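What follows is a single structure, written as structure tokens, with notes after it.
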Amino acid sequence: MDIKRILLIFSLLAGFSACSEKSLAPEREEGGFDEGMPGGSGLLYILNEGCMGRNSARLDVLDLGSGKLSTNVFPKVNPGVAMSLGDVGNDLKIYGSKMYATISCSNLVEVMDAATARHLGAIEIPGCRSLCFDGDYAYVSSFAGKEGGGTRAEGHVAKIDTLTLKVVARCEAGYQPEDMAVSGGRLYVANSGGYRAPDYDDRVSVINLGNFSLEGHVRVAPNLHHLLADRHGQLWVSSRGDLRTIPSSLHRIIPAGNERPENAKTIRIEGVSATVMDLRGDSLHVIGGGYLPASQTSASGGTAGREGSTYTIVDVRSCKVLEGSFISRPEEIKLPYGIAADPVSELIFITDAGDYVTSGKLLCFDGMGNEKGAFTLGEIPAHMAFWKRRP
């Protein structure tokens, strides 16, 4: 859909005014934990994307100490701001004392206090998608061209001063840029080209953070999505394939350093499908799924079908794929849509989008892969962020 049409259809949330200081006391408990939470403290925020056109993006929060869930907290904490977060929540990140949420079809980045979800401000960015941070700046990928333009234009990355919450610069990227990561003084941007299907983008754009300019691109695979940087200077990027004949896949990028970006080394991790992933230490937790190539479906002429989900750990240091699934009874999750590995405890949180239109779920697993709790969330729960209370 053309960005101009999106801007006409999905107007900005109105009425940003005085904010409430209401607490995040649990509204109700959904499920709970069998034996408490090992090392659990602070909060886990969950951004529900909501169905497009319903204005149903929603923020839920799980108290990691008590194991209790509060639902739809944003309008309760901020009654004078808006009745909802807006249309389609696309990313959620905490940086310092602030929490940022991109609401893509409402064309804004909502900025909140990380401890209370209290509204601090909103930044207008058309077609905003994913968030990344470095130093005093936040970076937001946008489907809109650097100077606007339609969906056939290449997108851009907006640079935001985290103190003033103002856009201070923009840099071009590829077609429909998605996830981003910072490594070695550069910002790497995964481009999907989703509006150009079947001619997807297959490049990771490389932006020099020193002068905020585009250095070039690294070719990887079609329809790129998630991107993470590990502590060894490597990048990990997922490809969604073409959603029919080319399956999803996982790739490792060894950046080219001060050489031309196209000299980077790219390696496909054989046998690993990747739709969502999260990194904790040297363990990359990857949930795979997607669509089987037509050659792997029924010889009687059946069309490509949905692939069963996989739950894999990759040791990023050795690039070794560990055997087995990192959760028990994976068949109980209908449509895994998000994953968050608690950096403090061994807990793994996975969201289940179900059928995309009814309430989704949050499931918690311990280090042995055993389910510890389940909670009912909003429509299409996807993005999670941990906030830890200071001692």
Side-chain angles (χ1 to χ4, degrees), residues 26 28-48 60-71 92 226 228 236 238 250 269 271-289 306-318 320-355 358-378 380-389:
R28 70 174 189 267
E29 181 177 357
E30 291 283 357
F33 289 87
D34 297 337
E35 300 173 0
M37 300 189 65
S41 64
L43 304 171
L44 173 64
Y45 288 97
I46 309 102
L47 179 63
N48 302 270
D60 298 332
V61 57
L62 177 66
D63 189 308
L64 297 175
S66 68
K68 296 182 183 297
L69 180 75
S70 297
T71 59
L92 183 72
H226 293 296
L228 295 170
W236 300 83
S238 66
L250 175 67
I269 309 304
V272 177
S273 172
T275 51
V276 293
M277 57 190 184
D278 197 21
L279 183 64
R280 181 171 59 195
D282 286 336
S283 295
L284 182 66
H285 294 75
V286 184
I287 301 179
R306 187 63 189 260
E307 184 178 15
S309 297
T310 57
Y311 299 81
T312 306
I313 293 180
V314 178
D315 185 317
V316 299
R317 183 174 50 185
S318 65
K320 180 181 179 181
V321 179
L322 306 186
E323 294 183 1
S325 171
F326 62 79
I327 66 167
S328 60
R329 302 198 304 274
E331 66 278 0
E332 294 186 4
I333 301 178
K334 185 176 181 180
L335 184 61
Y337 208 75
I339 180 172
D342 191 332
V344 175
S345 70
E346 293 186 347
L347 297 177
I348 298 289
F349 294 89
I350 297 173
T351 60
D352 185 351
D355 60 6
T358 56
S359 298
K361 294 182 179 179
L362 174 71
L363 299 101
C364 175
F365 300 87
D366 64 18
M368 300 299 292
N370 300 309
E371 185 178 321
K372 300 295 293 181
F375 303 83
T376 300
L377 302 175
I380 316 179
H383 313 284
M384 292 173 276
F386 292 98
W387 178 80
K388 297 298 181 180
R389 294 189 178 95

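Predicted, not measured: the structure shown is a model, and the values here were computed from it.
Atom CZ of Phe365 sits about 10.0 Å away from atom CD1 of Ile348, to the nearest 0.5 Å. Atoms CD1 and NE2, from Ile46 and His383 in turn, are 12.5 Å apart once rounded to the nearest 0.5 Å. Taking OG of Ser328 as the reference point, atom CG of Asp366 lies at 8.0 Å (rounded to 0.5 Å).
Contact record, Ser345 with Arg280: O-NH1, 3.1 Å, taken as the closest heavy-atom pair. A pairwise comparison of heavy atoms in Asp278 and Ala341 identifies OD2-N, 2.8 Å as the closest pair. Nearest heavy-atom pair across Pro330 and Ser325 is CG-OG, 4.4 Å. Summarising the geometry of Asp60 relative to Asn48, their closest heavy-atom pair is OD2-ND2, 3.0 Å, with the distance given to 0.1 Å. Closest approach of Ala382 to Tyr337, counting heavy atoms only: CB-CD2, 3.3 Å. Ala374 approaches Glu371 most closely through the heavy-atom pair CB-OE2, 3.8 Å.
Residue-environment remark: CD (Glu331) exceeds the threshold of 12 foreign heavy atoms within 6.0 Å.
In this structure Ile313 satisfies the side-chain contact (heavy atoms from CB on, under 4.5 Å) test together with Ser283, His285, Leu322, Phe326, sequence neighbours excluded. Remark: Arg329 engages Glu332 in a salt bridge (charged side-chain N to carboxylate O under 4.0 Å, His left out) (not counting sequence neighbours).
Between Leu335 and the choices Thr351, Ile380, Asp352, the side-chain contact (heavy atoms from CB on, under 4.5 Å) rule is met once, by Asp352.
Side-chain contact between Phe349 and Leu62 is present, with heavy atoms from C-beta onward closer than 4.5 Å.
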Take Leu377 and Leu69, measure what side-chain contact (heavy atoms from CB on, under 4.5 Å) needs, and give me the verdict at the end.
CA-CA 9 Å; Leu377 302 175; Leu69 180 75; 4.0 Å; yes
Going through the checks in order, is the side-chain contact (heavy atoms from CB on, under 4.5 Å) test met by Leu347 and Leu64?
CA-CA 10 Å; Leu347 297 177; Leu64 297 175; 5.7 Å; no
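With respect to the salt-bridge test (charged N to carboxylate O, under 4.0 angstrom), the residues Asp342 and Lys388 qualify.
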